[in-house]
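Values below: every heavy atom of this structure, side chains too, minus hydrogens, waters and symmetry copies.
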Amino acid sequence: MIISTGTASGKSLAYLTPAIAGCLDRGTVLYLTPTKALAADQLRALRELRITQVRAACFDGDTPFEERTWIRQHANYVLTNPDMLHRGILPRHAQWSSFFRRLRLIVVDECHGYRGVFGSHVAQILRRLRRVCAKYGSEPTFLLASATASEPGTFAKRLTGLEMAEVTEDASPRGSTTIALWEPPLTELRGERGAPVRRTATAEAADLLADLVLADVRTLAFVRSRRGAETVALSARAKLSDVAFSLTNPYVTTPTLPTTSAVPDTSTIPGTTAAPGATSVAGTTCATPASGATSVVGTTCATPASGATSSVPFTSAVAGATRPETAADRETTAGPAPDGVPSSEGRAPHDAASLPPTAPDLPVHSRREGAPLTAGDTVATPEQDAWTIPDADPAELAELPNRIAAYRAGYLAEDRRLLEKALRAGTIMGLATTNALELGVDVSGLDAVLITGWPGTRASFWQQAGRAGRDGRDALAVLIARDDPLDTYLVHHPQALFGQPVEAIVLDPDNPYVLGPHLCAAAAEIPLTEEELPIFGATTVDVLEDLVNQNLLRKRHAGWFWTRRERATDLADIRGGGGAPIQVVESSTGRLLGSVDEPSSHSTVHTGAVYLHQGETFLVELLDLEAGVALVSSGNPDYTTFARDITDISILSTLRSHALGPGTLNFGEVEVTRQVVSYLKRRLQSGEMLGDEPLELPPRTLRTRAVWWTLPASAVAPLAEAGIDLGGAAHAAEHASIGLLPLFATCDRWDIGGVSTELHADTGLLTVFVYDGHEGGAGFAERGYARAADWLTATREAISSCECERGCPSCIQSPKCGNGNEPLDKRGAIQLLDILLALT
Ligand SMILES: [Zn+2]
Ligand SMILES: [Zn+2]
């Protein structure tokens, strides 16, 4: 059975009840989760129940050896992860015989995490598990728990290989949530090919976080990277410092401060537009930066003191409001690298010391411009939402910035408990975090959630939004769009978000590159017999034949045997992409940080890359492919890097195809040759382009699956005659369609790639390919083929709804384009898609 319902709907109770009943009835339970942290949390919750008959234990890489024997022999509730099941438990099943013999229930928690290649590996591990259970005569029930997903039963069947019942009705009580979709404005900055750059989502998130905390709204801001989360927390704290300062120093004014009722001449303020919508604040009049934007809270009418760009630190949260880029946006970028942030694990996150208390190096941009507001003043917004400024108890005001903290993965359980407590008590009102909180920490006392950038899937969006709403009260969730076609599409097409089923969770257990290693591991566990082959899927017979030919397995009368000395489980790198991995080593200490599979090393740990490891930022000094090592050093560059590749593709076989408009849509096997040729640097806070650095890396070949469409020459000839650059149009359509595919399949735009050409050698036609970036394929392109009409329609909409004139990162530019986003034809892309979708 699979239970697929929202956050905090009681899924844990739904599996705990039968699990505990099973233990009381002398059975055993196996609990699987994608992360060790979640298993540890579950164990704690289980122990708090104080049921003596339940002997629960975590069995993972951290379990001390002296405890392992006890667990194998005596525990009746074992919590582990797929990695440990694959490497530690299944290969030593004999030591677990009494556990397997009594196994009643297998709980697969947070199973929406098992998607793509990783999900395909887990699917095969679960098949091996079923086989081992059968050997010991048990036939346990699988109980899967997932965030909301579309067609959960189909997914669960693919994951386990068993027919599954689904429970999808969520009857848990909750208040209503207001969802705001927020698009940052275009700035004066110029990016590649002169494209306009939007104000970054993190800069907007910092403003909103400060506003909400000031309004006594308990808020969690989800930010993609730890560094981003820290930047958001630091900027928001700086903004609160400003407020505290202006409230405790109410008479610090500037000579140019507008007098009562006088509307300042905003046209003289650089960086602002004239503001028709002026808002009255406590006796003075403040100009709001743009019509439609609302109240200025707590501080400052922007005044052009000595040529400084005006800053409007606090505007209230009204969807659709825009603000011009201010100096603060750029200054905070150059602000202190969060060096002051201790990196030692285990420091209490709410500890004020975990962030510089006064952020002294931050530009405190509006102090001397403070409007004389005093405590208790009420600031009215045009919507008549009144916000009361906290009492001017100086001690309390000084504490204001400390009500915002940053949180990251890796804190100890007790620190996480302290944080939960501080949030519940309201001593911390605002928290900026990576999605570390998506798994494992219970923050139920929140009023609002800020989601900085589309989190990738509707499922995670609803999961993050579901964090807001305490005790059944109403809540607010704000999605702040990043500079990306998918984000643009969503903020302009709320209908793509609301009333839509969430994505299907896609995986492809039949991928021969995944199946092969698991057949070897299965044969090493218990020799494989003919009757068992159907468990592993339709392609098993062919793959077995290959394995025998490669001398990995031996076929004997009784079945297939693993006869080699090595461990069969080493063949499957379940979280990577295969191939000998590249070791990522810190050069100053020799510390091994982790490994990256060889195929993706070219784009993630190339020389000069900014590499994120568990939220920490490193700079790659050198990628040595021969030695299999990437040397990195800890650093805090104020930019991110994007590897750019050039790609060739050839069609090996067409598996499916059908007509689409005057053209054809195809799905099949391809060979992709990719070469990373350079990398792009973009400023972290502003998104500004800092340059393109060349790289020398060898090309790589990949056999994978792709979806592609073609249009006949007769259909596109009129466009060429009308002056459209066909190559640029196809290229633009390809970029945008890569950006939009994650709306239909649970993949990241980095999981897929594309090639477009006016004339492809294999088709002889204008062709656009989108391929799975994993050896053998991962199911993404296949999903694109199945949903092509919706996917390409959304692609067209994303391009046409972007307000830029000739293309920008929000629509047709791609950060990983190996051709430097050249040529691109925005108008042509729309026309090309219109023809394909038969809209003309
Ligand atoms: Zn655009
Ligand atoms: Zn490109």
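Between the side chain of His731 and the main chain of Leu824, no donor-acceptor pair closer than 3.5 Å is present. A donor-acceptor distance shorter than 3.5 angstrom exists from the side chain of Gln675 to the backbone of Leu697, with no hydrogens or angles considered.
Residues satisfying the side chain to side chain contact (heavy atoms under 4.5 Å, CB included) test with Asp790, not counting sequence neighbours, are Phe744, Arg787. Remark: Val610 pairs with Thr617, Leu619, Pro637, Tyr639, Thr641 by the side chain to side chain contact (heavy atoms under 4.5 Å, CB included) rule, at least two apart or across chains. Ser120 is linked by a side chain to side chain contact (heavy atoms under 4.5 Å, CB included) to Leu507, Asp508, Val514, counting only residues two or more places apart in sequence or in another chain.
Between Phe461 and Ile179, the closest side-chain pair of non-hydrogen atoms falls below 4.5 Å. You'll find the side chain of Pro196 reaches within 4.5 Å of the side chain of Arg190, heavy atoms only. Looking at Val632 and Val620, their side chains come closer than 4.5 Å, going by heavy atoms from C-beta outward. For the pair Arg682 and Val197, the minimum side-chain heavy-atom distance is 4.5 Å or more. Contact check for Pro485 versus Ile812: no side-chain heavy atoms found under the 4.5 Å cut-off. The side-chain heavy atoms of His602 and Leu695, taken from C-beta on, include no pair separated by under 4.5 Å. Using a 4.5 Å heavy-atom threshold, the side chains of Trp791 and Arg783 count as separate. The side-chain heavy atoms of Leu833 and Ile799, taken from C-beta on, include a pair separated by under 4.5 Å.
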For residues 752-766, dump all side-chain donor-acceptor pairs below 3.5 Å to protein atoms at least two apart in sequence or in another chain.
| from | atom 1 | to | atom 2 | distance (Å) |
| --- | --- | --- | --- | --- |
| Ser756 | OG | Glu734 | OE1 | 2.8 |
| Thr757 | OG1 | Leu759 | N | 2.9 |
| Thr757 | OG1 | Leu759 | O | 3.0 |
| His760 | ND1 | Asp762 | N | 3.0 |
| His760 | NE2 | Ile649 | O | 2.9 |
| Asp762 | OD2 | Ile651 | N | 2.7 |
| Thr763 | OG1 | Leu765 | N | 3.2 |
| Thr763 | OG1 | Leu765 | O | 3.4 |
| Thr763 | OG1 | Thr767 | OG1 | 2.7 |

Can you give me every donor-acceptor pair (side chain of residues 801-810, partner residue at least two apart or in another chain, under 3.5 Å) with its distance?
| from | atom 1 | to | atom 2 | distance (Å) |
| --- | --- | --- | --- | --- |
| Ser801 | OG | Glu797 | O | 2.8 |
| Glu803 | OE1 | Arg198 | NH2 | 3.2 |
| Ser810 | OG | Arg198 | NE | 3.0 |
| Ser810 | OG | Asp483 | OD1 | 2.7 |

Pair up each side-chain donor or acceptor in residues 708-726 with any protein partner under 3.5 Å, not counting sequence neighbours, and list the distances.
| from | atom 1 | to | atom 2 | distance (Å) |
| --- | --- | --- | --- | --- |
| Asp725 | OD1 | Gly727 | N | 3.1 |
| Asp725 | OD1 | Gly728 | N | 3.1 |

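Using a 4.0 Å cut-off between charged nitrogen and carboxylate oxygen, Asp645 and Arg700 do not count as a salt-bridge pair.
The two atoms that bring Arg796 and Ile830 nearest to each other are NH2-CG2, 3.4 Å, heavy atoms only.
Side-chain N/O atoms of Asp772 and Thr704 include no donor and acceptor closer than 3.5 Å.
When the shell of 6.0 Å around CZ of Arg703 is examined, it contains 12 or fewer heavy atoms from other residues, nucleotides or ligands. For Arg827, the CZ atom is loosely surrounded, since the number of other residues' heavy atoms within 6.0 Å does not exceed 12.
A distance of 6.0 Å separates OG1 of Thr488 from CD of Glu183, quoted to the nearest 0.5 Å.
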